[in-house]
Novice: 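Mind looking over this structure? Questions follow.
Only this structure's heavy atoms are used, side chains among them; waters, hydrogens and symmetry mates stay out. Each ligand, and each atom within it, is numbered from 1 in the order the structure gives. Treat the numbers as computed from the prediction; the structure is a model and nothing was measured.
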Amino acid sequence: MKEKWEELAEVKRELATRDWFMATSGNLSLKVSDEPLTFLVTASGKDKRKETKEDFLLVDADGRPAEATHVKPSAETLLHVEIYNKTNAGCVLHVHTVDNNIVSELYGDEGEVVFSNQEIIKAFGLWEEDAQFRIPIIPNFAHIPTLAKAFADHVHGDAGAVLIRNHGITVWGKDVFEAKKFLEACEFLCQYHVKLLLIKR
Ligand SMILES: CSC[C@@H](O)[C@@H](O)C(=O)COP(=O)(O)O
Ligand SMILES: [Zn+2]
């Protein structure tokens, strides 16, 4: 558990250096055990750029604290719950960035954004020259169980990404390395897309 804590703290530190946790946004989790399912998740409402002894707490398959604590699990823990219950993913990362928000707004009505002709989509295991990488976009329902239900419709594999319109992106993978790789690739694609549109205007 100490090792898992340190692993999650390290990726949190790294994403913080990228300035991906503005205004207390963002939440991260790491699976600790399978039977019963438990995972470490960030405590709600904290500045994720800061490091404290209460940054994470252990929760169960319903997203409820598995141990006595006075901190609350992330408000979006239910989304993490959907991923761990439906897949073999080991790590979930959620960040709000200006670029992922803009892309989600630009393509929100279409329900997905499609990227192609970009070397970086190989990060998702797409090696063909004409490969397309799709990120579904769901509405930003304020009612978290409703959001989690809409989100769950797009959780199929052990790795994936979903944009929440004008909110942020949630990415998951089999472990921290993979989840971070996918998140960085998604952010690369969003940043590239926004810059290209600006240049083309
Ligand atoms: C001001 S951040 C908005 C939050 O409601 C949420 O979207 C978020 O990402 C962080 O919530 P948290 O409960 O700290 O995990
Ligand atoms: Zn969020």
Novice: Is Glu6 paired with Arg13 through a side-chain N to carboxylate O contact shorter than 4.0 Å?
Specialist: yes
Novice: Tell me the contacting part of Ser25 for ligand 1: side chain, backbone, both, or neither, using a 4.0 Å heavy-atom threshold, strictly below.
Specialist: both
Novice: In terms of residue, atom name and distance, what is the protein heavy atom nearest to atom 14 (O) of ligand 1?
Specialist: Lys48 NZ, 2.5 Å
Novice: Of the protein's non-hydrogen atoms, which lies at the shortest distance from atom 7 (O) of ligand 1, and what is that distance?
Specialist: Glu76 OE2, 2.6 Å
Novice: Report the nearest protein non-hydrogen atom to atom 13 (O) of ligand 1: residue, atom name, distance rounded to 0.1 Å.
Specialist: Ser44 OG, 2.6 Å
Novice: To check your reading of the model: name the closest protein heavy atom to atom 3 (C) of ligand 1, its residue, and the distance in Å.
Specialist: His96 CE1, 3.8 Å
Novice: Taking C-beta and beyond as the side chain, do Leu57 and Phe39 meet within less than 4.5 Å on heavy atoms?
Specialist: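 No - every pair of side-chain heavy atoms lies 4.5 Å or more apart.
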Novice: Is atom CD of Glu105 surrounded by more than 12 heavy atoms (other residues, nucleotides or ligands) closer than 6.0 Å?
Specialist: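 Correct, the count exceeds 12.
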Novice: Using 4.0 Å as the upper bound for N to carboxylate O, is an ion pair formed by Lys86 and Glu82?
Specialist: no
Novice: Run the salt-bridge test on Arg165 and Asp109 with the 4.0 Å N-O cut-off and return the result as yes or no.
Specialist: yes
Novice: Report yes or no: does Thr42 have a heavy atom closer than 4.0 Å to ligand 1?
Specialist: no
Novice: Is any side-chain N of the basic residue among Lys48 and Asp55 closer than 4.0 Å to the acidic one's carboxylate O?
Specialist: no
Novice: Taking CE in Met1 as the centre, count heavy atoms belonging to other residues, nucleotides or ligands within less than 6.0 Å. Is the count above 12?
Specialist: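 Correct, the count exceeds 12.
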Novice: Going by the angle between their ring planes, with limits at 30° and 60°, are His80 and Tyr84 parallel, tilted or perpendicular?
Specialist: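 Tilted: the ring planes of His80 and Tyr84 meet at 30° to 60°.
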Novice: Is there a heavy atom of Lys72 sitting under 4.0 angstrom from any atom of ligand 1?
Specialist: no
Novice: Run through the protein N/O/S atoms less than 2.8 Å from the Zn ion (ligand 2) and write them out by chain and number.
Specialist: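 Those protein N, O or S atoms (cut-off: under 2.8 Å from the Zn ion (ligand 2)) are Glu76 OE1, His94 NE2, His96 NE2, His167 NE2.
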Novice: So do the side chains of Trp20 and Leu183 get within less than 4.5 Å of each other, counting heavy atoms only?
Specialist: yes
Novice: Could you check atom 15 (O) of ligand 1 against the protein and tell me its nearest heavy-atom contact, residue, atom and distance included?
Specialist: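 Checked against all protein heavy atoms, atom 15 (O) of ligand 1 sits closest to Ser74 OG, 2.6 Å.
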